[in-house]
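Here is the structure we will look at.
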Amino acid sequence: MSHYPKIPQYVHPDFKNKAIPIKECGEALVNIGAYSFKHIIEAPMYRRLKVADALPHCYVRESIIQLLEEAGQHLPAGYRFVIWDGYRPYHVQEAIYNDFYQKLKTQFPNEAEKSIKERTENFVSYPSINPASPAPHITGGAIDLTIQNNHEEWINFGTGFDDFSEVANTAYFEQKREKQKLTDHEHTILENRRFLYQLLSDVGFTNYHQEWWHFDYGNQWWAQQKEKTAAIYGVAKLEEEV
Ligand SMILES: C[C@@H](N)C(=O)N[C@H](C)C(=O)O
Ligand SMILES: [Zn+2]
């Protein structure tokens, strides 16, 4: 899994400042846990972490399954994408946001609200269900994922799920490498990140630069990075929520 290109450090100048129009395509949400896919399994992390109202399974829009299966053809034999989270109901997004916001308030007691909010939103989107600017996971067009090897072990990407630190930045080890020689261990992580980034980029996903595990397709973050005139996924709803 080596010799993939360097992870670019480009961030769109309007990122998060401009809401791209949404032309909802109406694709359904698919319950990953209800099917047996060749290259995809689920590990619903917020449920495991006992976040209130977290779903027992991971749901994503239909095209995301197709794209992951396509990308999965390039995984070594026996490796699989492990989906940690996909569609996120409003109350779950709100709970994750409030939890991290409160942690930061405790960590930085003298810092202004605005700054704490900015720090929070580096890692957790504001829980918006505004139809013109929904949070990425609320559209069913965002995934958090890792890869498991043929021994069913999660491969090393340098941090665990929702490690809200600078090490989570997708290009962290690219930047470190520009300043100093990486250890063999760090070099493996760099190669693993390049591998995941390349596999998913090749089939059309975009990555959130602050989190190596977060990728988008069809939502506004994706549309902006891809310079599309419109996103295709707006606020999603599970049938049981409608
Ligand atoms: C909270 C984390 N897993 C995540 O998905 N972050 C992005 C930025 C989000 O909340 O949209
Ligand atoms: Zn995410």
Side-chain angles (χ1 to χ4, degrees), residues 11-12 14-20 22 29 32 40 42-55 57-61 64 67-68 81-104 116-147 154 157-172 193 196-197 200-201 204-225 231 233-236:
V11 181
H12 195 288
D14 271 341
F15 189 55
K16 295 190 185 176
N17 291 329
K18 190 173 163 208
I20 310 287
I22 301 171
L29 289 168
I32 294 176
I40 315 165
E42 64 166 10
M45 289 304 279
Y46 293 114
R47 183 74 167 206
R48 291 185 181 184
L49 294 167
K50 303 201 183 326
V51 171
D53 294 330
L55 299 170
H57 294 290
C58 296
Y59 294 78
V60 292
R61 298 277 195 147
I64 290 190
L67 295 172
L68 286 172
F81 294 119
V82 180
I83 307 303
W84 280 335
D85 195 39
Y87 166 71
R88 208 174 276 164
Y90 168 77
H91 288 297
V92 177
Q93 187 71 37
E94 185 190 39
I96 304 164
Y97 186 94
N98 289 343
D99 180 64
F100 189 43
Y101 181 91
Q102 289 308 331
K103 278 186 187 140
L104 289 170
I116 298 282
K117 201 167 173 295
E118 273 169 21
R119 281 184 191 272
T120 308
E121 290 171 25
N122 275 336
F123 293 102
V124 189
S125 295
Y126 183 78
S128 168
I129 44 167
N130 178 345
S133 55
H137 279 276
I138 284 175
T139 71
I143 45 172
D144 296 336
L145 82 167
T146 188
I147 294 175
W154 293 353
F157 286 101
T159 78
F161 175 65
D162 278 6
D163 176 326
F164 298 148
S165 72
E166 60 172 0
V167 188
N169 189 303
T170 313
Y172 177 83
R193 286 192 186 191
L196 176 64
Y197 181 89
L200 294 204
S201 303
F205 286 95
T206 56
N207 168 249
Y208 177 45
H209 65 282
Q210 304 267 37
E211 297 173 352
W212 62 262
W213 61 81
H214 177 112
F215 288 82
D216 297 281
Y217 178 82
N219 62 26
Q220 287 172 307
W221 283 11
W222 167 86
Q224 186 176 51
Q225 271 185 260
Y233 302 150
V235 173

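Atoms within a ligand are numbered from 1 in the order they appear, just like the ligands themselves.
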Would you say Q225's side chain and F205's backbone share a donor-acceptor pair under 3.5 angstrom? no

Nearest heavy-atom neighbours spanning Q220 and I20: NE2-O, 2.6 Å

Applying side chain to side chain donor-acceptor pair (under 3.5 Å) between W212 and each of T159, N207, T170, report the one that passes. T159

Check: Y46/D162 side-chain N/O donor and acceptor closer than 3.5 Å: yes

Among protein heavy atoms, which lies nearest atom 4 (C) of ligand 1, and at what distance? E211 OE1, 3.3 Å

Just let me know how Q210 lines up against ligand 1, side chain, backbone, both or neither, with a heavy-atom cut-off below 4.0 Å. neither

Among all protein non-hydrogen atoms, which one is nearest to atom 6 (N) of ligand 1, and what is the separation to 0.1 Å? F123 O, 2.9 Å

Residue part near ligand 1, for W213, under 4.0 Å between non-hydrogen atoms: side chain

Tell me whether E121 reaches ligand 1 (any heavy atom closer than 4.0 angstrom to a ligand atom). no

Could you check whether W221 and Y208 have their ring centres less than 6.0 Å apart? yes

Flag, side chain of W222 to backbone of G204, donor-acceptor distance under 3.5 Å: yes

Could you say whether the N/O atoms of Y46 and ligand 1 ever approach to under 3.5 Å? yes

Of the listed options (D162, V92, I143), which comes nearest to atom 2 (C) of ligand 1 when hydrogens are ignored and any heavy atom counts? D162

If I compare all heavy atoms of Y97 with all of K117, which pair ends up nearest, and what's the gap? OH-CG, 3.3 Å

Mark yes or no: K16 above the aromatic ring of Y126, with NZ or CZ under 6.0 Å from the six-membered ring centre and no more than 45 degrees from the axis. no

Any idea which atoms of ligand 1 are less than 4.0 Å away from a heavy-atom of F164? 1 (C)

Please list, in number order, the atoms of ligand 1 under 4.0 Å from a heavy atom of Y208. 8 (C)

Only heavy atoms of P136, strictly under 4.0 Å: list the atoms of ligand 1 that pass. 11 (O)

Tell me which part of K16 gets within contact of ligand 1: side chain, backbone, both or neither, using heavy atoms under 4.0 Å. neither

What pair of heavy atoms forms the shortest contact from S133 to S128, and how long is it? O-OG, 2.7 Å

I want to check something: taking the side chain as every heavy atom from C-beta on, are F215 and T206 in contact at a cut-off of under 4.5 Å? no

Counting from 1 in the order shown, the ligand 1 atoms closer than 4.0 Å to a non-hydrogen atom of D144 are 3 (N), 5 (O)

Side chain, backbone, both or neither: which part of W221 comes within less than 4.0 Å of ligand 1 when only heavy atoms are counted? side chain

Nearest atoms (heavy-atom pairs only) where V92 meets D53: CG2-O, 3.4 Å

Atoms of ligand 1 less than 4.0 Å from S125 heavy atoms? 8 (C), 9 (C), 10 (O), 11 (O)

Can you find a heavy atom in the side chain of L200 that is under 4.5 Å from one in the side chain of L68? yes

Tell me how many protein N, O or S atoms are within a distance shorter than 2.8 Å of the Zn ion (ligand 2). 3

